[in-house]
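See structure below.
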Amino acid sequence: MYGRDPWGGPLEINATDSATDDDRSRNLQDLDRAALSRPLDETQQSWLLGPGEQKKKKKYVDLGCIIVSRKIFVWTVGTLLVSALLAGLITLIVKTVPRHHHRHSPPDNYTLALHKALMFFNAQPGKLPKHNNVSWRGNSGLQDGKSDPSVLMKDLVGGYYDAGDAIKFNFPASFSMTMLSWSVIEYSAKYEAAGELNHVKEIIKWGTDYLLKTFNNTADTIDRIAAQVGIGDTSGGISAPNDHYCWMRPEDIDYPRPVYECHSCSDLAAEMAAALASASIVFKDNKAYSQKLVHGARTLFKFARDQRGRYSAGGSDPALFYNSSSYWDEFVWGGAWLYYATGNSSYLQLATHPKLAKHAGAFWGGPDYGVLSWDNKLAGAQVLLSRLRLFLSPGYPYEEILSTFHNQTSIIMCSFLPVNLSALFVDHVILKCVGYFLFHDHVNFGYNTGGLIQLNHGRPQPLQYVVNAAFLAALYSDYLDAADTPGWYCGPNFYSTDVLREFAKTQIDYILGKNPRKMSYVVGFGNHYPKHVHHRGASIPKNKIKYNCKGGWKWRDTSKPNPNTLVGAMVAGPDKHDGFRDVRTNYNYTEPTLAGNAGLVAALVALSGDKATGIDKNTIFSAVPPMFPTPPPPPAPWKP
C-alpha cells in the first residue's frame, strides 16, 4: 500500500514486512530524507532529524546566502575584530606619538648665522621695502637724484647704503648683488631648506631695481651712469656737511647729496652688467623681468667696451673709498655672466680670449693673486669658467684658455692651504697656455696665530676677503663632487675635496667665534659680539629727536653700546695678531659693508645643511644652447 507523505514524496507501507518496529523506523527516516524535494524550515527539520543530528547541526551557521562552519565563522569574526583593534591602536599611536623621523634636525650654526647675515641687508635700504622688519629704520634718501639739477637720472631713490654711512656706491653694491645671485643659482635648494629663498631674492631684486635706475635701461646705447649718490671726502679740513663729516640717522639727513656721474667707466659698467646678468638667471621664471635685466646687462657691457676707462680715475670721490685698479677682470667676469645669461657665444669668446686674460692678470702672479674682492674678480671668473669646462666641456676653440683657468683655479685652492700642507707645492708651477710657457710664482697665504688666513697680508679689514675665499673653496669642492672628481692636485700630491671644505669651515668658524678672543664677528650671533658697530643708524636712538650734523657726534663718541642692534652685520674684523678693538670710531675694526656681508651669506649657504644637497648643476646653463664643439682646423700641409 502506498500513501502520500504530507510534505511531498512517496510513502510505502508494507504490512507483510516482518521487520521490527525499530528497523521500520530507521527505514522510514532514510526514505523521508531522500524524498524531500524542497528545503525545510527549522521546525520541519526538528520533526525529522534525530537528537544526535540536531546537535551536530549547531556546528554550522546559516548566513542566509551561505552556510559555514561555526568554527570558521568564529575565527573569521575574531580575526577581523582583532585586526580592527590593532589598526585603531596603531593609528592612535601614530597620531599621538611624536614622529621623529619627519622632524628636521636642529639647524647647524651656518644656517643660524645665515638667517642673521641676511638681516643686515634689511637695515641698509634708503627707501624701505614694504615688509621691512627693522624697527629702528625708516624711509630716507627720498630726494636722491631730484635735488641735483646737473644729473640726467632724476629718480635715484632706493638701493642700499654701503656701510655705516648713507652713501650709495654702485661698484661694491653691484659686486654684492652678483655674489648673492651666484649663491642662489648654485644653492637654491639650501636657501629653500633654510626658509630664506624668497628673502634673498627680495634682497637681490631691491638691489637690481635700483641699478636699473642709474642708467637709461631701455636704450641700446648709453653715455653715462649715475655711479654714486652722496660724498664722503673729508680730507684737507673739509667741514661742509656730507655723509662722512656728519653723524646722523639717514632719516634725518638734510644736507645736499650730490650725484657722481661717469662717462667712461668700463669697470663699473661691466660689474653692473654682471649683476644684472646673474640676477636674470635667478629670476628666469619671471620672464618679463629677466628679459629686462638681460637687456640692461647687454647695454651696460656695450658701454663698458665702447667707452674705456676706470670709473674712479682722476682723483674722484669714489677713488677715496672704492678705487678700481683695472677693468680687464670685469671684462672676463661680466662676459662670463652674460654668456650664461644669454647663451650668446660672442661673450664666451671674449671672456676666454687669451689677451683679455693676460691683461686681467691671469699670468702675472703677485701677492694678491687668487684673492676675490669688490675690486678684483679674476679669481671668481676663473672658478666660474672652470665650471663650464667641468660640466659642458665646450672644446675647441675655448679649451686652451678654459683648461688654463681650470689649472689656475687649482693653484688658487692650493694657495689657501696652511703652510704644513702647502709644502707639497713646488715653488714654480709651469702652465702651458696658448702656445707658450707661462710661469706663475707660487703664493702661499699665511695664517695668524688663531688660524685666520691673511689674504690681505695683515692689512686692516680682513674678513671681507676671507669669506669670499671660503665661498670659492666650498663651491669648487662641490663642483668637483658633482663632476665625480674626488679631489685635485697640488704639485705631486693629491687632496680630496674634503680638504677644501674643511678650509672653508675653519675660516667661517673663526668668524663665528672659534678664535682666541671667543668673539663672534657677526652681530647678534652668539653671546659675545661687537656692541659698538660703526654705523650711524644703529648708534643713534630712535627717540623722535632729530640730531643735526654735529649733534650726532655725541653718539659716535660715546662708550655706551649701540642702542640698536644691527643684526647680522659682519664687522671689518681683527688685526693680524687676532686683536680687536670694539670701538665705534675705528672703522677698520667695527664697520660692516655690503660686499663683506654678501660674501658671508654666500659662504654660509654653501656650508649649511646637508653636504649631499650639493649644487644645482643645470640652472646656470638654462640659456646655453647644446654644445656641439667645432673640430679644430686641419694641420697645415706637410712640406719637405
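On a predicted model such as this, the values are computed, not experimentally measured, just so you know.
Using the six-membered ring where Trp is involved, Tyr327 and Phe331 have ring planes that are tilted, between 30° and 60° apart.
Stacking of Lys505 on the aromatic ring of Phe503 is not recorded, the 6.0 Å distance cut-off and the 45° axial limit not both being met.
Judged purely by distance below 3.5 Å, without hydrogens or angles, the side chains of Asn448 and Asp578 pair a donor atom with an acceptor atom. Donor-acceptor pairing under 3.5 Å is recorded for the side chains of Asn216 and Thr218. In summary, the side chains of Ser539 and Asn562 do not present any donor paired with an acceptor at a separation below 3.5 Å, with no hydrogens or angles considered. For the residue pair Thr178/Glu271, the side-chain donor-acceptor check at 3.5 Å is satisfied.
Applying the ring-ring contact (aromatic ring centres under 6.0 Å, His included) criterion to Tyr210, with sequence neighbours excluded, gives no partner residue. Residues forming a side chain to side chain donor-acceptor pair (under 3.5 Å) with Thr590 (at least two apart in sequence, or on another chain): none.
Salt-bridge annotation for Asp209 and Lys205: present, with a side-chain N of the basic residue lying under 4.0 Å from a carboxylate O of the acidic one.
Other residues, nucleotides and ligands contribute more than 12 heavy atoms inside 6.0 Å of the NZ atom of Lys546.
For Arg584 (side chain) and Lys560 (main-chain N/O), a donor-acceptor pair under 3.5 Å exists by modelled atom type. Put simply, the side chain of Tyr160 gets close to the backbone of Ile203: a donor and an acceptor are under 3.5 Å apart.
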